[in-house]
Amino acid sequence: IREWESTYKVPVFTSGTTHVAALKELKAKRFVGFSYFPGEINKIYAQYFRDAGLDVLDMVGLDAPFEKVQEYSSHLIYSWIRNHMRKHPDAQAIYMLGPAWRTLDIIEMLERDCRVPVVHAVPSQCWDIQRHLGISQPVQGFGRLLANIG
């Protein structure tokens with residue numbers, strides 16, 4: 001990434017770098033991650049965050065076919081995340097990997113009920129784009145990260 005930035009003279013960022021930056025912005029060093037991917041790939045995602053200096057307490061994958069993820073209600077996902085979070089009272093954040101979740105409506109509810117910030121793929125991308133462009137346009141309704149820009 002540094003080489004591309006040097007070569008092209010523009011900021012370069014990825015979903016992964018955005019999510020790491022968002023967790024660090026929220027001062028969340030220990031978090032529980034949730035994805036809509038079953039199996040071993042979650043260990044790879046967890047290692048990415050560990051390599052970035054974060055403590056992944058758990059990286060839980062939804063046991064569902066990828067093509068069905070958008071059919072799951074946000075309230076079902078809320079319950080699934082809330083139940084797993086009870087096992088990790090020392091978590092400082094919730095991380096929701098991937099933009100295919102239809103869960104923007106549960107971010108603030110999760111933050112309130114679990115008492116930790118939520119890093120969700122879509123709001124974190126909006127935050128990071130603003131950050132790179134030097135824009136400060138807070139947006140309410142999608143969690144602490146977007147609400148406290150600036």
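Side-chain atoms are counted along with the backbone in the values below, which use heavy atoms only and exclude waters and symmetry mates.
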Go through the steps to decide whether W80 and Y72 satisfy the test ring pair (Phe, Tyr, Trp, His ring centres under 6.0 Å), and finish with yes or no. CA-CA 11 Å; W80 176 65; Y72 284 75; 9.1 Å; no
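The cluster map of Ile, Leu, Val, Met, Phe, Trp and Tyr, joined by side-chain heavy atoms under 4.5 Å apart, puts I135 and F13 in the same cluster. Linking Ile, Leu, Val, Met, Phe, Trp and Tyr whenever their side-chain heavy atoms come within less than 4.5 Å leaves W4 and I129 in two separate clusters.
In this view, A147 and Q140 satisfy the side chain to side chain contact (heavy atoms under 4.5 Å, CB included) rule, not counting sequence neighbours. Listed by chain and residue number, E5, H132 satisfy the side chain to side chain contact (heavy atoms under 4.5 Å, CB included) test with P11 (two or more places apart in sequence, or in another chain).
Listed for the K9 side chain is a donor-acceptor partner under 3.5 Å among the backbone atoms of S6. Between the D128 side chain and the S124 main chain, no donor and acceptor come within less than 3.5 Å of each other. S73 places a side-chain N or O within donor-acceptor distance of the main-chain N or O of L76, the cut-off being under 3.5 Å. No donor-acceptor distance shorter than 3.5 angstrom exists from the side chain of Q125 to the backbone of T18, with no hydrogens or angles considered. Looking at R82, its side chain does come within 3.5 Å of a backbone N or O of D113 through a donor-acceptor pair. Under a 3.5 Å cut-off, the side chain of R50 and the backbone N or O of V56 do form a donor-acceptor pair. At least one donor-acceptor pair closer than 3.5 Å links the side chain of S136 to the backbone N or O of I149.
To the nearest 0.5 Å, the span separating CZ on F34 from CH2 on W101 amounts to 8.5 Å. Between the CZ atom of R112 and the CD1 atom of I106 there is a distance of 11.5 Å, given to the nearest 0.5 Å. Distance CZ/R30 to CG/L57: 7.0 Å, rounded to 0.5 Å. Taking OH of Y78 as the start and CG of D105 as the end, the distance is 12.0 Å to the nearest 0.5 Å. Between atom OG1 of residue T103 and atom CZ of residue F142 there is a gap of 11.0 Å, rounded to the nearest 0.5 Å. A distance of 10.5 Å separates NE2 of H120 from CG of L97, quoted to the nearest 0.5 Å.
You'll find the side chain of I77 reaches within 4.5 Å of the side chain of L62, heavy atoms only. Using a 4.5 Å cut-off on side-chain heavy atoms (C-beta onward), P123 and L145 make no contact. Residues R102 and S74 have side chains not in contact (no heavy-atom distance under 4.5 Å, counting atoms from C-beta outward).
Using cut-offs of 30° and 60° for the angle between ring planes, the F31 and Y95 rings count as perpendicular.
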